[in-house]
Amino acid sequence: ICAYNAIIYGYCKSGMMNEACQLLEEMKVEGLAPTIVTFGSVIDGLAKVDQLDDAHGLFEEAKSNGIKFNVVVYGSLIDGFGKAGRIDKAYQIMEELIDEGLRANSSIWNCLLDALVKVEEINEALICFQWMKDEKYSPNAITYSILIRALCRIRKFRKAFAFWQEMRKQGLDPDAITYNTMISGLAKAGNIAAANQLFEELKLEGIVLDCAACNALVQGLSNANRALDAFMVFEETLLKGQNLY
RNA sequence: CAACGUACAGGC
């Protein structure tokens with residue numbers, strides 16, 4: 001069983017779902033009972049290649065065979081439906097999760113928030129975020145990244161910065177991805193001045209920005225017809241011995 | 001043990 005699980009896990013991670021499903025069938029034929037890990041891998045794999053209905057079907061089928069899934073498997077489905085823009089299904093799975101007496105966690109909420117942002121329901125996402133906090137779940141760096149990106153998209157920079165500060169106030173250190181989200185969010189929305197300023201501020205704080213952050217800024221400057229400035233950032237990055245692609 | 005967020009490239 002462990003051997004099967006390991007191979008199936010590998011197939012699923014690389015998106016080779018035909019092979020994975022075939023092995024799952026083979027297990028049944030051999031009289032081996034797939035475990036929650038087996039089903040979890042396959043469901044996650046199917047959801048990632050947009051075979052959502054198959055994923056959900058397998059989920060229901062396993063459940064009716066007495067398998068009790070954990071939050072992670074629910075998370076795979078919520079994430080999958082959310083990415084496909086099927087919010088209603090995502091909510092439905094969320095409700096099922098609660099009905100089963102399972103407790104959601106921050107990751108589940110993040111999946112849901114990201115889903116709402118993807119269909120441009122930013123206000124709904126903000127309400128959801130408030131709700132999440134009311135229910136005493138702690139947002140993490142990922143939660144804030146999702147919201148900051150969303151707010152930059154709709155050009156609510158002030159609010160994006162407010163979240164940025166709220167995050168630090170809670171002792172949550174923004175990670176490399178949060179920085180990049182903020183910088184590229186500002187740059188893409190054409191707010192080069194703010195992006196540049198943040199970039200400089202972070203440098204002063206001794207924070208090392210990675211190549212994605214530089215890319216983001218270079219791109220923003222280029223779009224604003226400031227090729228010269230873009231080039232300067234580029235050179236400066238090179239001088240620091242950073243790896244650029 | 002497993003689910004979630006950032007930049008860039010390509011094809012029509």
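Scope of the values below: all heavy atoms of this structure, side chains included, with no hydrogens, waters or symmetry mates. Just so we're clear, the structure is a prediction, and the values are computed from it rather than from any experiment. In the text below, chain A, chain B and the rest are named by the order of the sequence lines, each starting its count at 1.
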Subject >> R86(A) with D53(A): basic N within carboxylate O range, under 4.0 Å >> reply: yes

**OP:** Just call it for T143(A): base, sugar-phosphate, or nothing, with non-hydrogen atoms closer than 4.0 Å on any strand.
**Re:** nothing

Original post:
Between rA7(B) atom C1' and L198(A) atom CG, what is the distance in whole Å?
Top reply: 15 Å

**OP:** Answer yes if the side chains of N140(A) and S106(A) hold a donor-acceptor pair under 3.5 Å, and no otherwise.
**Re:** no

**OP:** State whether K83(A) places a side-chain N or O below 4.0 Å from either non-bridging phosphate oxygen (OP1 or OP2) of rC4(B).
**Re:** no

Subject >> Per N110(A) side chain, nearest of listed nucleotides rA3(B), rG5(B), rC4(B) >> reply: rC4(B)

Subject >> S184(A) side chain, from C-beta outward: closest of rU6(B), rG5(B), rA2(B) >> reply: rU6(B)

**OP:** Specify the separation, in whole Å, of atom OH of Y74(A) and atom P of rA2(B).
**Re:** 21 Å

Original post:
Contact class for N70(A) vs. all strands (heavy atom < 4.0 Å): base, sugar-phosphate, or nothing?
Top reply: base

**OP:** Name the closest nucleotide to the K13(A) side chain, picking from rC4(B), rA2(B), rA7(B).
**Re:** rA2(B)

Original post:
Between R149(A) and rA7(B), is there a side-chain N or O to OP1/OP2 distance below 4.0 Å?
Top reply: yes

**OP:** Send over the distance from I7(A) CD1 to rC1(B) C1', rounded to a whole Å.
**Re:** 17 Å

**OP:** Tell me which nucleotide among rA2(B), rA3(B), rA7(B) gets nearest to the side chain of Y9(A).
**Re:** rA2(B)

Original post:
Is there a donor and acceptor pair closer than 3.5 Å between the side chain of D79(A) and the base of rG5(B)?
Top reply: no

**OP:** Round to a whole Å and report the spacing from CG of L147(A) to P of rC4(B).
**Re:** 18 Å

Subject >> Atom-pair distance (CD1 on I108(A); C1' on rC4(B)), nearest Å >> reply: 9 Å

Original post:
How would you label the contact of S107(A) with the nucleic acid (heavy atoms, under 4.0 Å): base, sugar-phosphate, or nothing?
Top reply: base

Original post:
Please give, in whole Å, the distance from rG5(B) C1' to L172(A) CG?
Top reply: 14 Å

Subject >> Lys/Arg N to Asp/Glu carboxylate O, E166(A) vs K133(A), below 4.0 Å >> reply: yes

Subject >> Closest nucleotide among rC4(B), rU6(B), rC8(B) to the I142(A) side chain >> reply: rC4(B)

**OP:** Measure from the side-chain heavy atoms of N215(A) and tell me the nearest of rA2(B), rC8(B), rG5(B).
**Re:** rC8(B)

**OP:** May I ask you to check whether Y74(A) and F59(A) place their ring centers less than 6.0 Å from one another?
**Re:** yes

Subject >> Nucleotide nearest V72(A) when distance is taken to its side chain, options rA7(B), rA3(B), rC4(B) >> reply: rA3(B)

Sequence neighbours left out, cut at 3.5 Å: what donor-acceptor pairs do the side chains of residues 6-20 of chain A make with other protein atoms?
from   : atom 1 : to     : atom 2 : distance (Å)
S14(A) : OG     : G10(A) : O      : 2.6

Subject >> I8(A) CD1 to rC1(B) C1', straight-line distance once rounded to whole Å >> reply: 15 Å

**OP:** Tell me what S145(A) touches on the nucleic acid: a base, only sugar-phosphate, or nothing, going by heavy atoms under 4.0 Å.
**Re:** base

**OP:** Remember a base hit wins even if backbone is also touched, and classify A47(A) as base, sugar-phosphate or nothing at under 4.0 Å, heavy atoms.
**Re:** nothing

Original post:
NA contact type, K118(A), heavy-atom cut-off 4.0 Å: base, sugar-phosphate, or nothing?
Top reply: nothing

Original post:
In whole angstrom, what separates W109(A)'s CH2 from rA3(B)'s C1'?
Top reply: 17 Å

**OP:** Would you sort out whether F163(A) and F129(A) count as a ring-ring contact (aromatic ring centres under 6.0 Å, His included), showing the intermediate values?
**Re:** CA-CA 11 Å; F163(A) 275 127; F129(A) 177 64; 5.4 Å; yes

